Amino acid sequence: MAKSDQDVGLTEAKFVPPTTNDAPVSSKALEAVNGSGTAEKLRYPWYIIFILGNEFCERFSYYGMKAVLTIYFLEVLLWSPNTTTLVYHSFTVLAYFTPIFGAMLADGFLGKFNTIFLLSIVYVSGLVLLTLAAIPPLNLDLVTGTACGLLLIALGTGGIKPVVPAYGGDQFRPGQEKQRGQFFSIFYFSINAGSLISTFVTPILRSDVPCFGAEGCYPLAFGLPAGLLAISVLAFLAGRPFYRNLPSKENVIAKVFGCTFGALYRKIRKTGPADAKHWLDNADPKKYSPTFVKDVKQLVPVLAMFLPLPMFWALFDQQGSRWTLQATRMDGRVTDSYYWKPDQVQIFNPVLILALIPVFEGIVFPTLDRFNIPFKELARMVTGMILAGVAFVISGIVQMQLDGTLPAPVVVQTAELRVYNTAPCSLGVAMQNVYANRTEMTEADRQSLSFAVDSYDVSHHEALLSLQPKFLILFLFETNRKLFIWETTSVCLIIGGTSSSPSHLTALAEASRDRRTYSST
């Protein structure tokens with residue numbers, strides 16, 4: 001009976017149990033396994049489940065922590081939206097720059113297993129530090145703890161990013177190309193599954209689970225990813241006796257950089273061969289073989305093709321910063337009892353990936369091939385970038401609509417008062433100013449600071465109070481920034497404004513069910 005295409009190349013050897021220093025199996029050894037030349041199928045390396053589990057938990061930890069990071073900067077660290085965006089993207093840049101050093105460590109120094117394990121410890125340490133900084137009773141410095149935690153996280157997640165998939169691929173032997181391809185499909189699925197679950201769960205933890213006297217629980221939102229990653233590191237370590245560890249080779253990245261810059265230097269100094277047809281032909285022949293130089297030549301046009309990709313990812317990562325900030329100003333109600341949280345908008349990325357991959361691979365692309373419509377990888381990349389641009393045009397239009405709902409900015413020597421009445425009764429509000437020089441207000445001034453707010457679902461009254469310099473507020477804040485948040489059972493009072501002179505402001509709120517006085521002093 002003829003072999004199927006699926007079996008071709010898979011019956012060359014009998015399975016040999018892997019060891020921790022297992023080198024690639026030679027062709028002679030493959031032929032001599034059973035003596036007669038016939039062999040059984042190579043067994044699937046079941047222990048890659050440890051690597052897949054590690055990747056799932058790592059992606060859960062990274063995306064879960066990152067999902068709530070923007071709101072954490074705003075609500076806990078009290079940073080402005082611009083500072084929040086700057087720090088968020090600085091962290092992201094560092095996390096995606098450190099993979100270069102992770103690959104260099106794995107290839108030239110520590111090996112893949114040691115690199116993954118050691119940098120995972122660094123990764124867990126960063127998450128633990130971020131969690132501890134968010135626990136109020138510990139009284140740790142928030143900014144310092146957060147910055148150090150994010151630095152360790154960036155080093156850890158970036159360092160293992162290029163090593164884990166390569167290490168998973170090493171577990172498959174020659175003749176297991178099909179199984180290796182299946183592994184990478186499951187690996188990619190694990191990435192998006194971890195991202196999907198975490199971006200849904202951690203926003204709920206930070207907003208709906210009370211702890212330490214607060215309505216939400218940032219320590220739990222950071223602590224769950226830390227605990228899950230720690231468990232995954234232990235599971236990864238448990239599989240060590242079964243892993244197939246290939247010996248470390250030369251540092252390819254450093255060698256490519258050396259060849260490239262060496263060739264440029266020799267070309268500028270005109271010390272290369274006179275008959276060089278390509279600028280890379282100026283590379284030192286004593287250090288770099290003609291075959292290696294040829295490989296680098298083939299790499300250059302590929303890098304040129306990837307030049308537009310940073311622009312795509314610069315837009316893509318806005319969903320965790322500016323799009324999240326935009327969502328904080330939108331109505332997220334889905335039903336009367338459930339609303340979509342601002343930091344959960346990022347969940348649509350993994351949802352759409354998991355939903356659309358089988359649609360494109362099983363329906364769209366085969367249909368295009370059937371009608372001989374060319375739509376290869378490069379065309380798909382260009383189409384994706386165009387769609388990303390269109391998405392941000394739509395986002396810009398939405399932002400313009402949101403900006404139209406904002407009140408006029410508060411100018412200097414002007415304060416703004418907003419009262420939201422959720423009580424089933426009307427609310428009377430009176431403002432009384434107490435001057436540093438004890439000068440009494442006129443009756444006209446007093447009347448201008450009194451108004452009533454009728455009650456309905458969420459009634460909203462805004463009064464722009466134009467004050468003379470002697471009435472200016474003591475507390476100095478940027479325009480439109482929150483100054484007070486005072487909550488009772490029936491009213492939330494927010495006062496904001498700008499000032500350059502000291503005085504005191506007392507707000508009196510009266511309601512039929514609740515009578516309290518809040519003083520800025």
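Everything quoted here is computed from the prediction, not taken from an experiment.
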Side-chain contact test, heavy atoms from C-beta onward, threshold under 4.5 Å: evaluate it for [X] versus [Y] and give yes or no.
X    : Y    : value
L315 : M311 : no
F375 : T367 : no
D403 : R329 : yes
Y96  : K161 : yes
M381 : F312 : no
F200 : L196 : no
L52  : F183 : yes
S195 : F60  : no

Within the supplied structure, the quantity of interest is the number of heavy atoms (other residues, nucleotides, ligands) at a distance under 6.0 Å from [X] [atom1]; does it exceed 12?
X    : atom1 : value
F212 : CZ    : yes
F257 : CZ    : no
M305 : CE    : yes
L299 : CG    : yes
F189 : CZ    : no

Nearest heavy-atom neighbours spanning [X] and [Y]:
X    : Y    : answer
P308 : A304 : CD-O, 4.1 Å
A221 : V68  : CB-CG2, 4.4 Å
T98  : G159 : OG1-N, 4.0 Å
L229 : S232 : O-OG, 2.7 Å
P225 : L220 : CD-O, 4.3 Å
L402 : T405 : O-OG1, 2.6 Å

Working note: L78 + L74, criterion side-chain contact (heavy atoms from CB on, under 4.5 Å); need CA distance, chi angles, decisive distance, verdict. CA-CA 5 Å; L78 301 179; L74 288 175; over 6 Å; no
Could you give all pairs that pass the disulfide bond (SG atoms under 2.5 Å apart) test and reach residues 188-224, with sequence neighbours left out?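 Sorted result for residues 188-224: C211-C217.
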Below 4.0 angstrom, N of the basic side chain to O of the carboxylate: do K341 and D343 qualify?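 Not counted as a salt bridge, because no side-chain N and carboxylate O are separated by less than 4.0 Å.
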May I ask you to say whether R322 pairs ionically with D317, meaning some side-chain N is under 4.0 Å from a carboxylate O?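 Looking at D317 together with R322, the answer is no, because their closest N to O distance does not fall below 4.0 Å.
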Quick one: does any side-chain atom of [X] pair with a main-chain N or O of [Y] as donor and acceptor, under 3.5 Å?
X    : Y    : answer
T144 : D141 : no
S190 : F56  : no
S395 : F392 : no
T70  : Y88  : no

[X] and [Y] aromatic centres sub-6.0 Å:
X    : Y    : value
Y123 : Y62  : no
F236 : F50  : no
W323 : F316 : no
Y72  : W79  : no

Apply side-chain contact (heavy atoms from CB on, under 4.5 Å) to the pair W340 and R333, showing each step before the final yes or no. CA-CA 6 Å; W340 202 257; R333 285 178 294 181; over 6 Å; no
Carefully, step by step, assess L368 and V364 under the rule side-chain contact (heavy atoms from CB on, under 4.5 Å). CA-CA 6 Å; L368 293 176; V364 177; 4.2 Å; yes
Do Y63 and Q346 have a side chain donor and acceptor closer than 3.5 Å?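 No pair is found: no donor N or O on one side chain lies under 3.5 Å from an acceptor on the other.
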side-chain contact (heavy atoms from CB on, under 4.5 Å) evaluation trace for F222 with R206: CA-CA 9 Å; F222 294 139; R206 69 96 189 153; over 6 Å; no
Which donor-acceptor pairs under 3.5 Å do side chains of residues 145-158 form with protein atoms, sequence neighbours excluded?
from: T146; atom 1: OG1; to: L142; atom 2: O; distance (Å): 2.7
from: T157; atom 1: OG1; to: E58; atom 2: OE2; distance (Å): 2.8
from: T157; atom 1: OG1; to: R59; atom 2: NH2; distance (Å): 3.0

To the nearest 0.5 Å, how far apart are CE in M65 and CG in L130?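 One finds 7.0 Å between CE of M65 and CG of L130.
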Could you measure the distance from the CG atom of L77 to the OG1 atom of T84? Nearest 0.5 Å is fine.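 Rounded to the nearest 0.5 Å, the CG-OG1 separation comes out at 8.0 Å.
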